[in-house]
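Please read all numbers here as calculations on a predicted model, not as lab measurements. Atoms within each ligand, like the ligands themselves, are counted from 1 in listed order. What you see below is based on every heavy atom in this structure, not just the backbone, and it leaves out hydrogens, waters and symmetry mates. For this chain, numbers begin at 1 and follow the sequence in order.
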Amino acid sequence: MASSLTTFTDEARIALDTLSGRATGLFSPSLRLGVTGLSRAGKTVFISAFVHNLIHGGRLPLFEAQKSGRIARAFLEQQPDDAVPRFQYEDHIAALVNDRAWPDSTRAISELRLTIEYESASGWSRMFSSGKLSVDIVDYPGEWLLDLPLLGKSFADFSREAFEMAVLPVREDLSPAWRALSAEIDPNADADEMTARRLAESFAAYLKACKLDERALSTLPPGRFLMPGDLEGSPALTFAPLAGLGDKRPRPGSLHAMMDRRYEAYKTHVVKPFFREHITRLDRQIVLIDAMQALNAGPGAMADLERAVTEILSCFRPGRGSFLTDLFSRRIDRILVAATKADHLHHESHDRLQAIVRRLADRAVARANFTGADVDVVAMAAVRATREGTVKQGRETLPVIIGTPIAGEKINGETFDGKTETAIFPGDLPENIDAVFDISGPDHKQDAVDPAIRFVRFRPPKLERTAEGVTLSLPHIRLDRALQFLIGDHLA
Ligand SMILES: Nc1nc2c(ncn2[C@@H]2O[C@H](COP(=O)(O)OP(=O)(O)OP(=O)(O)O)[C@@H](O)[C@H]2O)c(=O)[nH]1
Ligand SMILES: [Mg+2]
């Protein structure tokens, strides 16, 4: 099956890439870390905090090399791939630290190289190893990842699945315009650019509605329809699934033939290069998820999140017999599934959040045809925007979180101005994790889990300065645990 999906040149190129990667690895060992997550999951904030804490010697007690004082210095170096834009680290940090503002949404791929000079823990390795590790961090829009399964699907498969999904209860009312338009069009008619465009626009509008809506669905290929990057308005995106194709071969010159050809071109020129140049070369991966939002929306959204994590895992470490297996040049050996933004909860709920993510990841691993790699989970906040405190209410003492809500955020009818610090009781996660996943409940689209969880988005924290006026590194929750899992063993 693989030969139909990847040409000889692809394989030769991947093999060469791997060889040259290994050769350079001899001089300065490098580790490629992929940071994945659907939009707004916290990728850009995570990368910025990761680098900032290493460069500025942040408080990282669970990151062994730092704790034992073996890191001599960490600094940014030129990235290895000149054709990929550089991750705008300085801009993001300036926004976070000086303006207390979160970075803007990411539209395209970018990369950064962080080099760490360290002293090995064992005397034996100290004699032989350079004591230098380069970590190449790749940031990309998470939607693009959901395209990878398309590599194994024909245009007929893609069309059939798209129409099947469009009538699921959770999507039915978002897709009628596109389905009605498709029903009017005869795939066997002569190819016509305007028809192709109308169909593609209508299909893209439906996908956007699935994502924008509070339903926040994630299985929405093709990914570039949502996040076109540099392909905005390109003919490569002017295709759409067609109804009622069955097993018929397209008549040359028909709309069916044109759509089929463009779909194949999308796979060859968009999906495969992204996969080959970025995904197959990763060594490690962190999958960031915004579990808080899904928890808030109820078990239906949790099921959707679980499906997305399952799809992602099956792409990264496919089991034997998967069409993706042969494309990998390196093997991803560790994957961290991280629930971000834990600073929205009091620490008493962090363990529960972590238990929920663990359950989700365990089930995704079991469902994906997934082999080999270590999977760990963590509930964390790359940047901690809140502190904890207590508030007395009558005889009760309530655990609260204290921070500066972003201007315009509302709670109990009060609108915040973006300047005032406020104490908020965020509510607790339920003790019984099963309830979070139970979609058989009567009210699974509503806040069945805990209507009492209250969300406000906070501004980034105000950084403290030392007596000498030096700004301290960004505070976090368990970022050190994530670092230890992702790179700790390479600094042993
Ligand atoms: N309190 C808190 N908020 C966070 C944290 N990380 C992310 N956020 C919030 O989530 C938003 C999105 O974070 P980003 O890092 O931009 O998300 P992203 O995954 O890069 O999103 P795209 O670039 O749109 O794909 C931010 O604007 C913050 O409001 C965190 O550690 N703590
Ligand atoms: Mg981003």
Side-chain angles (χ1 to χ4, degrees), residues 34-53 58 85-89 91-93 95-97 99-112 137-146 208 211-212 216 218 220 223-224 226-229 286-294 296 305 308 312 338-347 350 353 378-388 401-409 416 418 421-422 424 426 454-463 473-483:
V35 178
T36 298
L38 297 175
S39 61
R40 313 318 286 149
K43 301 178 289 292
T44 305
V45 171
F46 173 83
I47 299 172
S48 307
F50 180 110
V51 173
H52 194 260
N53 270 282
R86 181 173 178 278
F87 180 82
Q88 293 303 334
Y89 168 75
D91 295 354
H92 298 319
I93 287 297
L96 279 168
V97 174
D99 309 337
R100 293 182 64 199
W102 300 105
D104 290 336
S105 215
T106 312
R107 310 255 131 221
I109 191 149
S110 66
E111 187 184 69
L112 184 81
I137 305 177
V138 187
D139 182 21
Y140 54 89
E143 286 83 359
W144 296 2
L145 204 62
L146 296 168
K208 281 181 189 138
K211 193 185 155 190
L212 279 189
S218 354
L220 304 167
R224 305 277 169 150
L226 292 171
M227 191 59 81
I286 176 166
V287 180
L288 293 168
I289 56 179
D290 188 349
M292 312 289 274
Q293 202 184 345
N296 230 25
L305 183 58
I312 290 171
T340 44
K341 313 183 192 180
D343 56 331
H344 287 95
L345 292 170
H346 196 265
H347 75 265
H350 290 174
L353 179 61
V378 65
M380 63 174 291
V383 173
R384 177 178 199 158
T386 63
R387 305 174 271 126
E388 294 188 346
I401 52 173
I402 304 163
T404 312
I406 290 178
E409 289 287 296
F416 295 100
E421 248 202 0
T422 311
I424 287 163
R454 247 168 283 170
F455 265 118
V456 198
R457 293 189 314 138
F458 294 98
R459 287 181 68 188
K462 194 166 175 194
L463 290 200
S473 58
L474 288 160
H476 61 85
I477 297 171
R478 296 190 182 142
L479 177 66
D480 46 350
R481 198 162 103 61
L483 281 171

Per the under 4.0 Å non-hydrogen criterion, ligand 1 touches L38, S39, R40, A41, G42, K43, T44, V45, W102, S105, T106, K341, D343, H344, A381, A382, V383, A385, R457
Any side-chain heavy-atom pair of T404 and R100 under 4.5 Å: yes
Can you name the closest pair of heavy atoms from [X] and [Y] and give their distance?
X    : Y    : answer
T340 : A41  : OG1-O, 2.9 Å
E421 : R387 : OE1-NH2, 2.7 Å
I477 : A342 : CD1-C, 4.2 Å
V35  : K43  : O-CD, 3.7 Å

Residues passing the ring pair (Phe, Tyr, Trp, His ring centres under 6.0 Å) test with H350, sequence neighbours excluded, are none
F416 meets the ring pair (Phe, Tyr, Trp, His ring centres under 6.0 Å) criterion, sequence neighbours left out, with none
At a cut-off of 2.8 Å, protein N/O/S around the Mg ion (ligand 2) gives T44 OG1, T106 OG1
>> Whether D290 and R40 form a salt bridge (side-chain N of Lys/Arg under 4.0 Å from carboxylate O of Asp/Glu) is what I want to check.
In response: no
Note to self: Could you check whether R459 pairs with E409 (Lys NZ or Arg NE/NH1/NH2 to Asp/Glu carboxylate O, under 4.0 Å)?
What the structure shows: no
